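To start, the structure under review is shown below, and the notes come after it.
None of these values were measured; they are calculated from a predicted model. Throughout, protein chains are lettered first and strands after them, A, B, ... in sequence-line order, and every chain is numbered starting at 1.
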There are 2 protein chains.
Amino acid sequence: MMASRRQEVLTAALDLLEEVGIDDLTVRRLAQRLGVQPGALYRHYPSKRALLDAMVGHIVAGAPAPAVPAGDWAGHLRAMAASGREGMLAHRDGARLLATFYDPGPDAVASFMRIVEVLRAAGAAERAAVVATDTVLAYVNGFTMEEQARRAATPRPERDRDFQAGLDLIIAGIGATLPPAP
Amino acid sequence: MMASRRQEVLTAALDLLEEVGIDDLTVRRLAQRLGVQPGALYRHYPSKRALLDAMVGHIVAGAPAPAVPAGDWAGHLRAMAASGREGMLAHRDGARLLATFYDPGPDAVASFMRIVEVLRAAGAAERAAVVATDTVLAYVNGFTMEEQARRAATPRPERDRDFQAGLDLIIAGIGATLPPAP
DNA sequence: TCCTAGAGTGAACTTTGTTCACGTGAACTA
DNA sequence: TAGTTCACGTGAACAAAGTTCACTCTAGGA
């Protein structure tokens, strides 16, 4: 196991997030849950902000790596979109947390580039591929934010269907700008 | 003019937002700018949250009412999208403010419905019209949020062009599901 | 045995939102 | 004219938040 104390603090913070939500995620509450004085946490993270960043890092890293169907650009787009949404929905206030504290690292840039590559392989021009990728990601973030903030009442299957339907709209738009398959 | 004190406080808060950003928009700073003790503000707004809500209300109300080209559903969509984005970009941290504190009122629902109506008039089924509207709004929010958070360096014309290009993608997707014009 | 390093204590400080009993001056009313 | 009302503001306090700091404790290796 060999979990460093730093890791334990992070895990406790993620658990606490699930219990009380981000607005009540306080240094003191976290310290209490660890059976420790508030100041002790600053041995492991230099600030609360740094801790939140680490939580965000854990969330984006934990998103399920999609099984890539080679050559199927629409499938790739759908998988990436679903994975991004899933990562946020998996944690209470996940979307808000990402929106507020996410600073894209090299791995995020890498997966962005991978999508662009897939679209380029399907025949899209460089700029068109970037625009399409940007658009899908903006949609995923916008939809999920709104979903988590204001649609907790709507049953999950319905939300899934709505998300899918909007994504299909965008994919149709992208498909129209692509050269026809040979 | 006859501006009520309440109005003056709101105006001062909006000015202060522009100067210091939402993270440093504090009750004390606002009081100081009004030449008043912090507690005095609670005569006019029951809580800081209520004041932020009022600011959001002012921002969404202040978005330019688009000139509606009758019968042109794509034009209507573009106008609404541009108006929403413009409203957020017009204020520092506008997108974050909206995303965190916006609780859609009757007028927001009304303008949502108006878009749905326009699409229905163009031949879309009810559900398709709702999905299309939702998708455009999610895109606008997602794009603007990211834009204001991380693309301050990119020059405005370029950002406008990117926004337009993504929107065109979605509009193309919507157009593909509509019956051909007679 | 000494000593270093990681972990935690306990108490403080600053800043934040918020409350509350009380003053004050202008406008209305009898 | 005298009294009442009312909107507005004062001044001081409160609790909770993030953060800092000097000190202690406890292992484990030289």
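Side-chain atoms of B:R92 and B:E19, non-hydrogen and from C-beta on, never get closer than 4.5 Å to each other. Looking only at side-chain heavy atoms (C-beta outward), B:R127 and A:D162 come within less than 4.5 Å of each other. Here the side chains of B:D93 and B:L25 are not in contact, with every heavy-atom distance at 4.5 Å or above. With contacts defined as side-chain heavy-atom distances shorter than 4.5 Å, the pair A:V140/A:M80 does not qualify. The closest side-chain heavy-atom distance from A:L77 to A:L167 is not below 4.5 Å. For the pair B:L51/B:L41, no side-chain contact is recorded, criterion being any heavy-atom separation below 4.5 Å from C-beta on. Looking only at side-chain heavy atoms (C-beta outward), A:L137 and A:F112 come within less than 4.5 Å of each other. Between B:M88 and B:M145, the closest side-chain pair of non-hydrogen atoms is not below 4.5 Å.
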For residues 6-14 of chain B, which side-chain donor-acceptor pairs fall under 3.5 Å, sequence neighbours excluded?
| from | atom 1 | to | atom 2 | distance (Å) |
| --- | --- | --- | --- | --- |
| B:R6 | NH1 | B:H44 | O | 2.9 |
| B:E8 | OE1 | B:R5 | NH1 | 2.7 |
| B:T11 | OG1 | B:Q7 | O | 3.0 |

In residues 95-109 of chain A, what donor-acceptor pairs under 3.5 Å come from side-chain atoms, sequence neighbours left out?
| from | atom 1 | to | atom 2 | distance (Å) |
| --- | --- | --- | --- | --- |
| A:R96 | NH2 | A:D23 | OD1 | 2.7 |
| A:R96 | NH2 | A:D23 | OD2 | 3.3 |
| A:T100 | OG1 | A:R96 | O | 2.6 |

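Of all nucleotides in DNA chain D, those with any atom nearer than 4.0 Å to a heavy atom of chain A start and finish, going 5' to 3', at D:dA17 to D:dA22.
The aromatic rings of A:H58 and A:H91 sit perpendicular to each other, their planes meeting at more than 60°, with 30° as the lower class boundary.
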Carefully, step by step, assess B:R156 and B:E86 under the rule salt bridge (Lys or Arg N to Asp or Glu O under 4.0 Å). CA-CA 12 Å; B:R156 179 69 196 264; B:E86 218 61 57; 2.9 Å; yes

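The CZ-P distance, from A:R6 to C:dG8, rounds to 14 Å in whole Å.
Residues from residues 16-34 of chain B lying near DNA chain D, meaning a heavy-atom separation below 4.0 Å, are B:R28 in numerical order. Taken residue by residue, residues 37-45 of chain B places heavy atoms nearer than 4.0 Å to DNA chain C at B:G39, B:Y42, B:R43.
Atoms CE and OH, on A:M55 and A:Y45 in that order, are 9.5 Å from each other to the nearest 0.5 Å.
Residue whose closest nucleotide on DNA chain D sits further toward the 5' end, between B:R5 and A:P46: B:R5.
The rotation axes computed at either terminus of the helix from C:dT1-D:dA30 to C:dA30-D:dT1 lie 20° apart, taking five pairs at each end and rounding to 10 degrees.
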